[in-house]
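Excluded from the calculations below are hydrogen atoms, water molecules and symmetry mates; all remaining heavy atoms, backbone and side chain alike, are included.
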Amino acid sequence: MTRRSLAGTRVLVAGATGALGRLATEELGARGARLALAGRDAGRLTELAARAGGRPARQMDAYDTEGCAALAPWAHEQLGGLDGVLVMVGVAGFGRVGEVPETAVEHMFQVNSLCPAAILRPAVTQVSAGGFLAAVTGAIVAAPMLGTADYAAAKTALSCWLGVLAREVRVRGLRVFDFQPPHLDTGFADHPVTGLTPDLPAGADPVAAVQAMVDRLADAGPEHDTPAPRLGRSTGVANRP
């Protein structure tokens with residue numbers, strides 16, 4: 001697959017202060033992308049923006065839906081246009097049905113589904129033709145374990161939303177990516193919003209996973225339905241309804 005250069009590409013990274021978001025920021029920056037960064041942790045965000053060469057940065061709260069919706073227009077203004085949005089926001093939660101508090105269920109759906117959708121929805125009219133809209137859902141969408149019903153449902157809701165979005169925006173020449181990496185060695189699952197982390201296999205290399213995601217964003221031409229093994233699938237312009 002021929003890859004286009006990402007040099008000069010204007011990209012919003014939402015969730016930049018998380019483990020995967022930081023890696024994505026570094027990888028995109030190394031490939032010459034012009035970045036606008038949004039993240040929850042103000043201290044990490046300031047440090048990351050400075051280390052990335054003084055990139056525009058804005059603190060975000062996944063519970064502030066209106067604030068999430070304002071990120072793409074803000075990035076468009078800061079960068080003088082927008083060629084892509086990458087959402088790396090998420091939270092894990094475990095527990096059998098009936099054991100998970102309703103507040104935890106609400107939290108998982110807000111962070112894992114409603115927040116990413118709120119960020120990407122306005123981006124449909126902000127991202128230039130040929131650009132991309134991308135989010136990370138995870139392998140849990142395809143293979144949910146026992147004790148993950150609510151967590152998996154929240155991620156699957158976003159995955160479904162991305163699939164429909166891809167079909168709606170293909171007329172504008174936008175590519176939509178639903179990245180579904182396997183369990184990664186980031187410590188993400190070790191800090192669930194509820195429940196105890198189950199026994200999990202050894203996590204895969206997050207650096208390699210992020211590099212593969214960015215490679216997919218740089219792939220030239222329309223995307224295909226067939227996913228890269230265990231790394232994610234594209235729901236891009238080649239998708240069939």
What is the ring orientation for His107 with Tyr63, classed by angle as parallel under 30°, tilted 30 to 60°, or perpendicular over 60°?
-> parallel

So, Gln180 and Asp178: side-chain donor and acceptor under 3.5 Å apart, yes or no?
-> yes

Does the Arg10 side chain pair with the main chain of Gly80, one donor and one acceptor, at a distance under 3.5 Å?
-> yes

State, with a plain yes or no, whether a side-chain heavy atom of Met145 is found less than 4.5 Å away from one of Ile140.
-> no

Please examine the side chains of Met108 and Ser113, heavy atoms only from C-beta on, and report whether any two atoms are closer than 4.5 Å.
-> no

Just wondering, do Val85 and Phe132 contact through their side chains at under 4.5 Å, heavy atoms?
-> no

Considering residues at least two apart in sequence or located in another chain, which fulfil the side chain to side chain donor-acceptor pair (under 3.5 Å) criterion with Glu27?
-> Arg31

Considering non-hydrogen atoms only, spot the tightest contact between Leu86 and Ala24 and give its length.
-> CD2-CB, 3.8 Å

Please check if Val105 and Leu114 belong to a single hydrophobic cluster, counting links between Ile, Leu, Val, Met, Phe, Trp and Tyr side chain heavy atoms closer than 4.5 Å.
-> no

Within the side chain of Ser159, is there an N or O that forms a donor-acceptor pair under 3.5 Å with the backbone of Lys155?
-> no

Can you check whether Gly67's main-chain N or O pairs, donor with acceptor, with Asp61's side chain at less than 3.5 Å?
-> no

Could you give me the CA-CA distance, side-chain angles and deciding distance for Arg121 and Trp161, then say whether side chain to side chain contact (heavy atoms under 4.5 Å, CB included) is met?
-> CA-CA 10 Å; Arg121 192 175 290 111; Trp161 187 88; 3.8 Å; yes

Got a donor-acceptor contact below 3.5 angstrom from the Thr46 side chain to the Ala42 backbone?
-> yes

Under a single-linkage definition using a 4.5 Å side-chain heavy-atom cutoff for Ile, Leu, Val, Met, Phe, Trp and Tyr, are Val111 and Ile119 assigned to the same hydrophobic cluster?
-> yes

Here the pair of heavy atoms bringing Ala135 nearest to Leu162 is CB-CD1, 4.1 Å

When every non-hydrogen atom of Leu12 is compared with those of Ala38, the smallest separation belongs to CD1-CB, 4.4 Å

State whether the side chain of Arg55 and the backbone N or O of Ala50 hold a donor-acceptor pair below 3.5 Å, judged by distance alone.
-> no

Which atom of Val127 lies closest to which atom of Gly84, heavy atoms considered | CG1-N, 4.0 Å

4.5 Å side-chain heavy-atom contact, Asn112 and Leu158 | no

Leu20 and Pro206, any side-chain heavy atoms less than 4.5 Å apart = yes

Check whether Val207 and Val136 end up in the same hydrophobic cluster, where Ile, Leu, Val, Met, Phe, Trp and Tyr are linked by side-chain heavy atoms less than 4.5 Å apart.
-> yes

Just by modelled atom types, is the Leu71 backbone N or O under 3.5 Å from a matching donor or acceptor in the Arg58 side chain?
-> no

Residue pair Gln110 / Thr65, side-chain donor-acceptor N/O under 3.5 Å = yes

Kindly say whether Leu23 contributes a backbone atom to a donor-acceptor pair with the side chain of Glu26 at under 3.5 angstrom?
-> no

Hey, mind stepping through Val11 and Val13 against side chain to side chain contact (heavy atoms under 4.5 Å, CB included) and telling me if it holds?
-> CA-CA 6 Å; Val11 181; Val13 180; 4.3 Å; yes

Which heavy-atom pair separates Phe109 from Ala157 by the least distance, and what is that distance?
-> CE2-CB, 4.4 Å

Should Trp74 and His76 be marked as a side chain to side chain contact (heavy atoms under 4.5 Å, CB included) after you check the CA-CA gap, both sets of side-chain angles, and the distance that decides it?
-> CA-CA 5 Å; Trp74 164 78; His76 187 282; over 6 Å; no

Beyond-backbone contact of Thr25 with Arg51, side-chain heavy atoms, under 4.5 angstrom = no

Taking every heavy atom of Leu37 against every heavy atom of Ala49, the minimum-distance pair comes out as CD1-CA, 4.0 Å

Could you walk me through whether Thr137 and Phe179 pass side chain to side chain contact (heavy atoms under 4.5 Å, CB included), step by step?
-> CA-CA 6 Å; Thr137 58; Phe179 291 120; over 6 Å; no

